S.K.: 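Quick one: structure below, then a few questions.
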Amino acid sequence: MNQKQKILCVLYDDPVSGYPTQYARESIPELKQYPDGQSMPSPAKIDFNPGDLLGSISGGLGLKKFLEDQGHEFVVTSDKDVQNSVFDQEIVDADIVISQPFWPAYLTAERIAKAPNLKLAITAGIGSDHVDLQAAIEKNMTVCEVTYCNSISVAEHAVMQILALVRDYIPQYKWVIDGGWNIADSVSRSYDIEGMDVGVVAAGRIGLAVLKRMKPFDVNLHYTDRHRLSEDVEKDLNLTFHADVESLVKSCDVVSIHCPLHPETEHLFNENLISKMKKGSYIVNTARGKICERDAIVKALETGQLAGYAGDVWFPQPPPNDHSWRMMPNHAMTPHTSGTSLSAQARYAAGVREILECWFAEKPIRDEYLIVQGGGLAGTGAHSYSEGNTTGGSDEASKFKV
Ligand code: NAD
């Protein structure tokens, strides 16, 4: 493919304190392969220093030189939600859109319809629900992501937040900062996780990594998934399999969510399902905000049906300043950061470059990176998603103000 392409890349803003000139660490570990043997991203070359900030505007995923040397046009913006945003203006003649779930450029059916040249949507990360996958299927587009690039990053964040909730870490930290020594206040909601029942909704790359990481805490492990794990894995981790999510939540003290957002999982955790949970359960959701019903979570925290809620995913993103999850009691939320550690950025930047190299050379993109291709779900998309659209309501993101 020799002709000039226009690549529109939507990334989050640079740090308000300025793009870093130095870093906390001088290098990041070099991983040889992913836990299941899948090979790491393997572009012909990279033009960045692994461990540098690549995910924001100035980092540009380390793609600028590579694309411009070949004569392609590379437009990078963070302006994506307001009316007549740069994203909306530039998409009309874009061939490729690159977007990150952390600062998602919602590729709705309306935007896809406005972009006659658009053939490829790359997710720099994992989770392509910000694309109207039904519209992409109907337009015969390719949607792909960098499968596994940040699965372990997210698993680490989920384990951190499970412990933060059960041990009630955040209020204790606050007492230190505020100058107190209020031990009774600090421990009035603090428990050991040892002996608790901990379950994951979906045991794919992330869910399985969470189960493995929770095993040494001597908890009882549970899972549900549309694909059952092998007998060996179930035995090794002493897992209880549940045929459905309702059975799982009835048995667990802590539930960590790891399925993609697609029509089957949208608003899965609604008032009805949460009412089936044990009183005082904890939910950690690092999958997608919309898997949980916003108001049902707030209500359950207020009544005590949930003892705590954490995660890093919201809907929409960025969430409006008055989003009720910012204010609800007993939460330990972060912005959407788990999959965009500096370590993860190096992998997804390399993965995006690998995908672009394949695309320009008209070589197949790895099957495991595919979500939609050839007019249907493909690769990981066929394994982990159902057809349909879950971008409805994403225009609310325009209400966010810095
Ligand atoms: P994966 O494809 O390896 O695993 C997904 C699993 O979900 C599969 O095992 C699939 O069978 C299961 N599943 C799908 N629909 C289901 C349903 N209705 N009920 C039960 N199980 C179902 O993907 P992964 O790498 O583990 O990532 C999972 C999701 O985590 C992503 O799709 C994304 O939404 C989210 N994620 C978040 C971040 C972050 O930064 N917070 C980063 C990466 C991924």
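Hydrogens, waters and symmetry mates are skipped; everything else that's a heavy atom, side chains included, is used. Model, not experiment: these values are computed from the prediction. Order of listing sets the numbers, starting from 1, for every ligand and every atom in it.
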S.K.: Is the closest N or O pair between T224 and ligand 1 shorter than 3.5 Å?
M.R.: no

S.K.: D129 versus ligand 1: do any nitrogen or oxygen atoms come within less than 3.5 Å of each other?
M.R.: no

S.K.: For atom 15 (N) of ligand 1, what's the nearest protein heavy-atom neighbour? Residue, atom name and distance, please.
M.R.: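 Looking only at protein heavy atoms, the one closest to atom 15 (N) of ligand 1 is H262 NE2, 2.9 Å.
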
S.K.: What part of P260, side chain, backbone, both or neither, has a heavy atom within less than 4.0 angstrom of ligand 1?
M.R.: both

S.K.: Any donor-acceptor pair under 3.5 Å linking the side-chain atoms of D185 with those of S188?
M.R.: no

S.K.: Should D47 and R353 count as an ion pair when the cut-off is N to O under 4.0 Å?
M.R.: yes

S.K.: Identify the closest protein heavy atom to atom 11 (O) of ligand 1: which residue and atom is it, and at what distance?
M.R.: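 Minimum-distance protein heavy atom for atom 11 (O) of ligand 1 reads D225 OD1, 2.6 Å.
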
S.K.: Can you report which non-hydrogen protein atom sits closest to atom 4 (O) of ligand 1, along with the distance?
M.R.: G204 CA, 3.4 Å

S.K.: Below 3.5 Å, N or O to N or O, backbone or side chain included: is there any such pair between T265 and ligand 1?
M.R.: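 Such a contact does not occur with ligand 1.
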
S.K.: Does ligand 1 come near enough to C259 that some N or O of the ligand is less than 3.5 Å from an N or O of the residue?
M.R.: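 No.
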
S.K.: Could you tell me whether E90 and K6 make a salt bridge, using a distance below 4.0 angstrom between a side-chain N and a carboxylate O?
M.R.: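 Judged by the 4.0 Å cut-off on N to carboxylate O distance, E90 and K6 do form a salt bridge.
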
S.K.: Tell me which one of Q100, E145, H383, R226 gets a heavy atom nearest to atom 21 (N) of ligand 1.
M.R.: R226

S.K.: Considering only protein heavy atoms, which is closest to atom 31 (C) of ligand 1, and at what distance to one decimal place?
M.R.: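 Minimum-distance protein heavy atom for atom 31 (C) of ligand 1 reads I126 CG2, 3.9 Å.
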
S.K.: Within a strict 4.5 Å, meaning less than it, do heavy atoms of the H262 and D129 side chains meet?
M.R.: no

S.K.: Under 4.0 Å between a side-chain nitrogen and a carboxylate oxygen: does that hold for D192 and R167?
M.R.: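 Counted as a salt bridge, because a side-chain N and a carboxylate O are separated by less than 4.0 Å.
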
S.K.: Among I257, L248, I206, which residue places a heavy atom closest to atom 24 (P) of ligand 1?
M.R.: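 Answer by nearest heavy atom: I206.
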
S.K.: Mind checking whether N150 has an N or O less than 3.5 Å away from an N or O of ligand 1?
M.R.: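 There is no such contact.
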
